[in-house]
Every structure is written in structure tokens, then in C-alpha cells.
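Heads up: the structure comes next, in C-alpha cells.
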Amino acid sequence: MSGPGNWTPPKKLPVGRTWESMREEFEEGVSIFTACWQAPIERVAIENPEMNDLARARMPADLPKPQMVQPFWFGHPEYKATGWYLRGLRLLVATDLLSEPERGSDEWKRWNRVHRMTPGPERSRLRSRSFPGMMAAAAEQWGGYALEIAA
């Protein structure tokens with residue numbers, strides 16, 4: 001995928017991948033996301049990066065914009081925008097907000113390690129990891145809210 005609204009094969013495919021397999025994986029991702037969003041339950045939280053225009057065009061009409069949060073809101077000195085698509089839940093609130101480092105500083109570069117990772121066998125796994133502080137906040141805030149509503 002490249003360019004607004006375009007399906008364009010990349011100049012170089014990832015090792016072991018075909019253009020067809022990449023499109024199939026995209027279609028599967030759209031299907032799974034849509035099934036989760038349309039599940040007949042009151043409260044839904046789906047973690048997903050902000051979508052490109054091709055994915056957004058395939059989403060349900062009632063899908064809101066995601067709440068974008070950062071790991072440093074929850075005590076992790078890193079940048080990695082994380083989108084939460086929410087239904088029936090409050091926005092996630094920062095629990096351990098860190099002060100951001102000066103742009104361009106060595107510390108700022110370290111906070112951007114996710115974006116600066118070189119290609120390699122572990123890159124995908126490391127880039128997709130969740131941050132414990134953020135997950136603890138989600139469990140406490142959304143779980144607590146669900147318990148309040150149920151009581």
C-alpha cells in the first residue's frame with residue numbers, strides 16, 4: 001500500500017512475502033477488526049495504530065476516531081502512539097505522566113527507539129509490544145468502570 005487510496009506493490013517485498021499474501025493479511029485484519037467492533041457487547045476497547053486511508057475506508061460507519069495515547073503517559077520513557085477505539089468506555093487517563101525530553105536530544109532519540117529500529121527478525125515483535133503501565137491503567141480504569149456499571 002502506498003499513496004492515498006492506492007494499492008501499489010512496494011519496490012521491495014519483505015523477505016518471504018508475496019504481494020498477494022500482504023493483501024490477504026490486510027483483508028484478514030480488516031475482517032477481524034470489524035468483527036470485534038461489531039460484536040454485540042456494550043463495552044469495547046480495540047488497540048490499533050491510527051489507520052491508513054485504505055483501512056479507514058473499509059471500517060464501519062459508526063467507528064469513532066481513536067483516542068491516541070503515548071507510553072510516557074503511563075511511566076514508560078518512549079514514544080509510540082497507540083490508538084484505542086472505544087465504545088461504552090471512558091477515555092484512558094494518564095497515570096504516571098513523564099516530562100518529555102528536549103526534541104533532538106539523546107534522551108529524545110532513545111524515546112524514539114521504536115521508530116528508529118533497524119530491520120531484523122525481532123523488529124515486528126518489538127514494535128508491536130504493549131507497555132505494562134498502559135495495560136495496567138486500562139485494566140484498572142475500564143475494569144473499574146465496568147464493575148461500577150454492573151453494580
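- The list of side-chain hydrogen bond (donor to acceptor under 3.5 Å, both in side chains) pairs with a residue in residues 92-102, not counting sequence neighbours, reads Y79-E100.
- Residue N52 comes nearest to L54 through the heavy atom pair OD1-N, 3.0 Å, listed as atom of the first residue, atom of the second, then distance.
- Contact detail for G83 and P66: the closest heavy-atom pair is CA-CB, 4.0 Å.
- Using a 30° and 60° split on the angle between ring planes, F72 and W111 fall in the tilted class, from 30° to 60°.
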Ignoring hydrogens and angles, write down the donor-acceptor pairs under 3.5 Å from the side chains of residues 28-39, residues two or more places apart or on other chains.
{"unit_1": "T34", "atom_1": "OG1", "unit_2": "V30", "atom_2": "O", "d": "2.8"}
{"unit_1": "W37", "atom_1": "NE1", "unit_2": "D62", "atom_2": "OD1", "d": "3.1"}

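- R103 meets the salt bridge (charged side-chain N to carboxylate O under 4.0 Å, His left out) test with no other residue; sequence neighbours excluded.
- Residue P71 comes nearest to K80 through the heavy atom pair CD-O, 3.3 Å, listed as atom of the first residue, atom of the second, then distance.
- A donor-acceptor pair under 3.5 Å is formed between the side chain of Q141 and the backbone N or O of V93.
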Criterion side-chain contact (heavy atoms from CB on, under 4.5 Å) on R23 and E20, from CA distance to verdict:
CA-CA 5 Å; R23 288 197 62 161; E20 293 76 26; 5.9 Å; no
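- Between E148 and R90 there is a salt bridge, with a side-chain nitrogen of the basic residue lying less than 4.0 Å from a carboxylate oxygen of the acidic one.
- In this structure a side-chain-to-backbone donor-acceptor pair under 3.5 Å is missing from R43 to L89.
- Take R58 and apply the salt bridge (charged side-chain N to carboxylate O under 4.0 Å, His left out) test, not counting sequence neighbours, and it matches E27.
- Pairs of residues two or more places apart, or lying in two chains, that qualify as salt bridge (Lys or Arg N to Asp or Glu O under 4.0 Å) and include a residue from residues 113-140 are E78-R113, E78-R129, E122-R125.
- The existence of a salt bridge linking E25 and R17 is confirmed by a sub-4.0 Å separation between a basic side-chain nitrogen and an acidic carboxylate oxygen.
- For the residue pair H76 and F131, the shortest heavy atom distance occurs at CD2-CB, 3.5 Å.
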Apply side-chain contact (heavy atoms from CB on, under 4.5 Å) to residues W142 and L92 and explain how you reach the verdict.
CA-CA 8 Å; W142 295 331; L92 198 55; 3.9 Å; yes
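- Checking side-chain atoms of Q67 against main-chain N and O of L86 turns up no donor-acceptor pair under 3.5 Å.
- Both L97 and M134 are part of a single hydrophobic cluster, where members link through side-chain heavy atoms under 4.5 Å apart.
- Every residue two or more places apart in sequence or in another chain was checked for a salt bridge (charged side-chain N to carboxylate O under 4.0 Å, His left out) with E42, and none qualifies.
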